[in-house]
Amino acid sequence: MTGETGAAELSRIFSRRCRIARTERLAGDIYLHHVEFPEIALSALPGQFVEIRVADSGDPFLRRPFSVNHVDREAGTVAILYEAIGHFTRQISSRRPGDWLDVLGPLGRPYPLGPEEGGEVVFVAGGLGIASFLLAARYLREREETRPVRLLYGARSRDAIVQIADFEEAGVRCEVATDDGSAGCRGLVTDLLERYLSSSPPRPVLYACGPSPMLRAVSEMAARFGARCYLSLETYMGCGIGTCMGCAIKIRTGDGPDDFEFQRACVEGPVVDAARLIWD
Amino acid sequence: MGLSREGVSLEVDFAGVRFKNPVLVASGTFGFGREFARIYDLSLLGGICVKGTSLEPRRGNPPPRIFETASGMLNAIGLQNDGVDSFVSEKLPFLRQFDTKVVVNIVGDRVEDFAGLAARLDGVPGVHALEINISCPNVEHGHAEFASDPAMTHRVVRAVRERTRLPVIPKLSPNVADIRPFARACQDAGADGISLINTLVGTAIDIRTRTFRLANVTGGLSGPCIKPVALRMVYQAAQEVSIPVMGIGGIATAEDAIEFLLAGARCVQVGTVNFVDPLAPLSIIEGIRDYLASNGFSSPSEIVGTVRRIGEERP
């Protein structure tokens with residue numbers, strides 16, 4: 001999908017105040033908002049994100065990035081999935097159908113999902129990191145993917161697990177781990193991953209999204225098992241389109257200690273090759 | 001007393017450059033235009049001040065580099081850029097396809113760096129003016145002194161002046177007790193105009209980890225929260241010098257921009273709001289047109305510097 005990735009960097013970015021068509025509460029404080037934005041519904045690729053603004057008042061001032069969870073091309077809607085836990089997300093969750101959200105997108109480098117990447121596709125999701133994978137699962141389904149597609153999904157507990165049925169419907173084999181053992185096995189998503197990689201799967205390619213400590217653990221495990229691995233980074237962002245240079249990530253450019261450069265998580269990411277990311 | 005919108009010409013002359021309207025986008029908030037060109041036609045802008053460009057590439061500061069504050073943000077990017085040669089060969093050709101003016105923001109650590117950049121960019125097609133960035137607060141080397149000592153400001157501006165035929169516009173720092181001697185030093189050194197303000201030095205602390213929010217400890221504060229300070233400094237500078245002033249600082253709406261014009265700015269730069277509302281410069285341009293038309297003015301220059309004290313008669 002490198003061709004599509006290149007095209008994504010030059011393609012149109014849309015910016016508009018748009019109407020919320022529908023909202024769903026999936027579990028606890030986890031919500032799904034469907035916003036009317038036909039251009040993004042048609043052009044968003046798996047792993048891309050949108051930047052959302054909720055207030056004119058300057059509070060909160062900056063936009064926040066949200067993965068495109070899935071799209072409905074016929075209805076022209078884009079779904080974002082989030083947990084209402086902070087100042088920003090609580091403001092979004094108070095919005096009802098008919099209210100507005102200001103949306104900018106689609107943004108960022110998508111997941112490279114082509115068959116050259118690996119023989120088995122493995123999505124590794126931690127908590128709300130699940131948000132970035134449904135579009136990818138459906139994308140593969142639409143292309144009549146013949147490779148096995150798995151989801152390894154870690155969450156706090158049973159009542160924080162969302163969209164499993166949607167993944168199964170897209171032909172994804174799902175395995176769950178919870179901190180308290182209330183669903184799936186007790187433990188972390190990296191426990192699931194270790195068991196999977198120990199079973200010597202043929203040429204797996206990992207796509208991971210979740211909190212940074214989890215991504216780091218996944219990345220180290222992938223290196224240990226020699227598996228190709230892409231990370232979707234959760235990075236503090238300013239503009240989301242590549243101009244503020246605020247979301248710098250350290251990317252390896254050679255073998256020496258000084259062989260690195262700062263790239264932009266919003267443009268050269270959020271999806272990066274785990275082997276090139278330098279963790280500090 | 002109203003005019004039709006068509007009766008208004010937004011064109012302005014600034015330091016010998018004809019801008020199609022008085023709204024530019026500020027350096028460091030617009031990259032080299034490529035990203036925003038994916039959103040709208042850059043030919044609609046009065047001008048583009050490109051990201052600070054140095055002689056050699058700069059890697060920039062380690063993250064975290066930005067932090068949101070009340071109605072604004074702190075940044076400590078550290079002038080990450082690919083250097084002037086890359087600008088000329090890779091960034092400028094893209095910008096040349098648009099019918100707008102390109103102002104190159106130049107940065108350096110030493111007087112000779114600025115002079116070298118001025119010489120390198122002199123006569124390069126598609127470059128319309130130089131903005132001398134003597135006021136970035138986020139780099140280590142002692143170049144803060146360029147902005148905090150009028151004699152040093154004079155030296156840098158003079159060195160650039162001697163090496164280029166392009167209009168020279170020093171960008172002033174607000175991190176000084178009195179802006180007027182700096183504005184005066186620029187004029188005396190041969191500047192064609194001045195722009196102000198750059199960011200205000202600030203910081204923020206995470207009380208959970210008890211660490212600074214920025215790896216660089218301090219950063220530059222920008223956004224709507226700095227507008228009153230910027231407006232005051234633009235007013236003071238415009239009173240002090242006869243060269244034109246470009247107003248910068250927290251401009252998010254047409255009303256903000258008009259305030260700067262009334263305070264004495266001939267042009268304005270829209271900065272941090274580009275990160276939040278990428279279409280803001282376009283609504284500001286149209287808002288200025290509406291304001292001029294409905295108040296019977298045919299050009300922005302008719303209102304520049306016309307603010308009065310409460311109770312003061314209009315001449």
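Side chains are part of it too, since the values below use all heavy atoms of this structure and drop only hydrogens, waters and symmetry mates. Residue numbers begin at 1 in each chain, while the letters A, B, ... track the order of the sequences.
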Region of A:Arg16 in contact with chain B, defined by heavy-atom distances below 4.5 Å: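 Neither part, no heavy atoms under 4.5 Å.
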Roughly how far, to the nearest 0.5 Å, is the [atom2] atom of [Y] from the [atom1] atom of [X]?
X	Y	atom1	atom2	result
A:Met245	B:Asn81	CE	CG	8.5 Å
B:Arg34	A:Thr243	CZ	OG1	14.0 Å
A:Asp56	B:Thr253	CG	OG1	11.0 Å

Which heavy atom of B:Pro278 sits nearest a heavy atom of A:Leu104, and at what distance?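 It is CG-CD1, 3.8 Å.
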B:Thr272 to A:Phe61 - nearest heavy-atom pair and separation: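 Nearest pair, atom of B:Thr272 first, then A:Phe61: CG2-CE2, 3.6 Å.
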Taking every heavy-atom pair that is under 4.5 Å apart, which of [options] has the most such pairs with chain A?
options	result
B:Gln80, B:Met73, B:Glu35, B:Arg59	B:Arg59
B:Gly60, B:Pro224, B:Gly31, B:Gly72	B:Gly72
B:Ala70, B:Pro64, B:Gly223, B:Pro62	B:Pro62

Exceeds 12 heavy-atom contacts within 6.0 angstrom, atom [atom1] of [X]:
X	atom1	value
A:Arg276	CZ	yes
A:Glu220	CD	yes
A:Arg252	CZ	yes
B:Gln97	CD	yes

Among the options A:Cys247, A:Gly58, A:Cys244, pick out the one with the most heavy-atom pairs lying under 4.5 Å from chain B.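 Answer, by heavy-atom pair count under 4.5 Å with chain B: A:Cys244.
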Could you tell me whether a side-chain N or O of A:Tyr236 sits under 3.5 Å from a main-chain N or O of B:Pro63, the two making a donor and an acceptor?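 Looks like no, no N/O pair under 3.5 Å.
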If only atom types and distance count, is the side chain of B:Arg38 paired as donor or acceptor with the main-chain N or O of A:Ser11 below 3.5 Å?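 Indeed, once roles are kept as given, a pair shorter than 3.5 Å links the two residues.
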Assess the residue pair B:Glu68 and A:Arg63 against the criterion (salt bridge (Lys or Arg N to Asp or Glu O under 4.0 Å)); give the C-alpha distance rounded to whole Å, side-chain angles, the decisive distance to 0.1 Å, and a yes or no. CA-CA 10 Å; B:Glu68 178 170 346; A:Arg63 291 171 183 264; over 6 Å; no
For [X], which atoms come within 4.5 Å of any heavy atom of chain A: side chain, backbone, both, or neither?
X	value
B:Ile39	both
B:Phe67	both
B:Asp277	both

So which residues of residues 256-265 of chain A are in contact with chain B at a heavy-atom cut-off of under 4.5 Å?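 Under the 4.5 Å heavy-atom cut-off, A:Asp258, A:Phe260, A:Phe262, A:Arg264 qualify.
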Counting a contact as any heavy-atom pair under 4.5 Å apart, which residues of residues 82-94 of chain A contact chain B?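 Listed by number, there are no contacting residues, so the answer is none.
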